[in-house]
Amino acid sequence: MNKIQEAYSIAMNDPAYEKFAGGYVNYGLWTSATKSPAEACHHLVDTLLAKFPERGRVLDVAFGKGVSTKRLEERYGAENVVGINIDPDQVRIARDRGVTCDLRVMDAAQPDLPSESFDAILCVESAFHFQSRARFLAEAHRVLRPNGVLVMSDVLFRTGHGLDPEVFPLENQVSSVDEYRGAYIAAGFSPDSVAIDVSTRQQIYALSAAVAGAFNFFRGRPPGAEPQANESQAFAAAERFWASFIVSRLVNIQECVLVAARK
Ligand SMILES: C[S@@+](CC[C@H](N)C(=O)[O-])C[C@H]1O[C@@H](n2cnc3c(N)ncnc32)[C@H](O)[C@@H]1O
């Protein structure tokens, strides 16, 4: 099992987490009206897919459990959708969910896909893992058809604060959103075709609330309900896992961004 598989094996397989985040494994996109992590995850993908073309051939990069892939199949037809992921387990998980399109085990930074073969690429909250993000952007530019669009949510993480550099490669660290934008331009996207929305503040505030909600959720009581007597005991292993999973990433967030880059 490689480090990425290890990092995601519980999130991908835990039925409680499936319910918690609606089948996604991402932070979601929060608004003041968002009621749950699952709702935030759906809202994130709705927001990204609003930037997609009406029709065409589309690629889902790092599809996770395949919820976004299923949505692409519904919109474009399974014959027009390809999904890639580094983790073979996630191909099985997505198949179990009913995803029928072409799913391949492939490194997003070295995709074995023909040039100019997609009208749109979706990449939800994953590019910070790739070795490297810059290499992925160049490959995304290569496989897009002229006028094709790359639509992503991404997180600019600080490194050196408890995140494993094999899972969060140091070469993906940037010091500012401007430097981050420069990576798209270096990959071949023209400067006026790269739109970056920064969603950091709303995300961090809401995620902090979500962490508290997560404890309640995994204890089986609704957020806001009175604690039960036995909750003063030490956290169970599962709770410790989720605390470190969510919090270690949360404290290392520099910026959260939504990107649309046109070729
Ligand atoms: C935070 S999860 C996001 C999953 C999914 N997009 C979602 O929103 O639920 C990160 C994903 O990146 C995938 N991943 C990590 N490195 C990869 C690589 N080099 N190539 C392809 N997929 C990769 C992981 O297997 C995982 O599915």
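Order of listing sets the numbers, starting from 1, for every ligand and every atom in it.
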Worksheet item: So is Gln5 close enough to ligand 1, meaning a heavy atom under 4.0 angstrom away?
Response: no
Practice prompt. Ignoring hydrogens, just give me the one of Gly64, Ala108, Pro88 whose non-hydrogen atom is nearest atom 20 (N) of ligand 1.
Written response: Ala108
Practice prompt. Take every heavy atom of Met12, measure it against each atom of ligand 1, and state whether any distance is under 4.0 Å.
Written response: yes
Worksheet item: Any N or O on Ala62 sitting closer than 3.5 Å to an N or O of ligand 1?
Response: yes
Response to the item:
atom 14 (N) of ligand 1 has as its nearest protein heavy atom Ile86 CG2, 3.8 Å
Worksheet item: Just checking, is any N or O donor in the side chain of Asp178 or Ser176 under 3.5 Å from an acceptor N or O on the other one?
Response: no
Discussion item. Show the atoms of ligand 1 that are less than 4.0 angstrom away from any heavy atom in Glu125.
Written reply: 1 (C), 3 (C), 10 (C)
Practice prompt. For ligand 1, find out whether one of its N or O atoms is nearer than 3.5 Å to an N or O atom of Asp107.
Written response: yes
Worksheet item: What is the nearest protein non-hydrogen atom to atom 2 (S) of ligand 1, stated with its residue, atom name and distance?
Response: Val25 O, 3.4 Å
Worksheet entry | Ligand-residue contact atoms, ligand 1 with Asn26, heavy atoms, under 4.0 Å | 7 (C), 8 (O), 9 (O)
Worksheet entry | Modelled atom types, side-chain donor and acceptor of Ser175 and Glu179, under 3.5 Å | yes
Discussion item. Checking side-chain contact (heavy atoms from CB on, under 4.5 Å) between Leu122 and each of Leu49, Leu59, Val58, which is the one that passes?
Written reply: Leu49
Worksheet entry | Distance-only N or O hit between ligand 1 and Asp87, under 3.5 Å | no
Discussion item. List ligand 1 atoms under 4.0 Å from Ile4, heavy atoms only on the residue side.
Written reply: 15 (C), 16 (N), 24 (C), 25 (O)
Fill in: Asp154 and Arg133 ion-paired at < 4.0 Å
yes
Worksheet item: For the residue pair Phe130 and Phe136, does the interplanar ring angle fall in the parallel (under 30°), tilted (30 to 60°) or perpendicular (over 60°) class?
Response: perpendicular
Worksheet item: What atoms in ligand 1 come closer than 4.0 Å to a heavy atom of Tyr24?
Response: 9 (O)
Worksheet item: Got an N/O contact under 3.5 Å between Val124 and ligand 1?
Response: yes
Practice prompt. Give the residue and atom name of whichever protein heavy atom lies nearest to atom 27 (O) of ligand 1, and the separation in Å to one decimal.
Written response: Gln90 OE1, 2.5 Å
Fill in: atom 11 (C) of ligand 1 - nearest protein heavy atom and its distance
Ser126 OG, 3.3 Å
Discussion item. Under 3.5 Å between any N/O of Tyr8 and any N/O of ligand 1: does that happen in this structure?
Written reply: no
Discussion item. Taking the ring centre of each residue, are His42 and Tyr24 less than 6.0 Å apart?
Written reply: yes
Discussion item. Within the 4.0 Å heavy-atom shell around Phe130, which atoms of ligand 1 are there?
Written reply: 16 (N), 17 (C), 18 (C), 19 (N), 20 (N), 22 (N), 23 (C)
Discussion item. Check this for me: does any side-chain nitrogen of one of Arg57 and Asp119 sit under 4.0 Å from a carboxylate oxygen of the other?
Written reply: no
Worksheet item: If you draw a 6.0 Å radius around CG in Asp112, do more than 12 non-hydrogen atoms from other residues or ligands fall strictly inside?
Response: no
Worksheet item: Does a salt bridge link Asp46 with Arg71, judged by any charged N lying under 4.0 Å from a carboxylate O?
Response: yes
Worksheet entry | SB check Glu6 Lys3 (cutoff 4.0 Å) | no
Discussion item. For Glu171, is there an ion pair with Arg135 - N to carboxylate O distance below 4.0 angstrom?
Written reply: no
Response to the item:
Atoms of ligand 1 under 4.0 Å from any heavy atom of Met106, numbered from 1 in the order shown, are 20 (N), 21 (C)
Discussion item. Using a plain distance cutoff, I'd like to know if Phe63 has any nitrogen or oxygen under 3.5 Å from a nitrogen or oxygen of ligand 1.
Written reply: no
Practice prompt. Identify the residue among Leu72, Asp102, Val143 that makes a side-chain contact (heavy atoms from CB on, under 4.5 Å) with Val82.
Written response: Asp102
Discussion item. Using a 4.0 Å cut-off to any heavy atom of His129, which atoms of ligand 1 qualify?
Written reply: 10 (C), 15 (C), 16 (N)
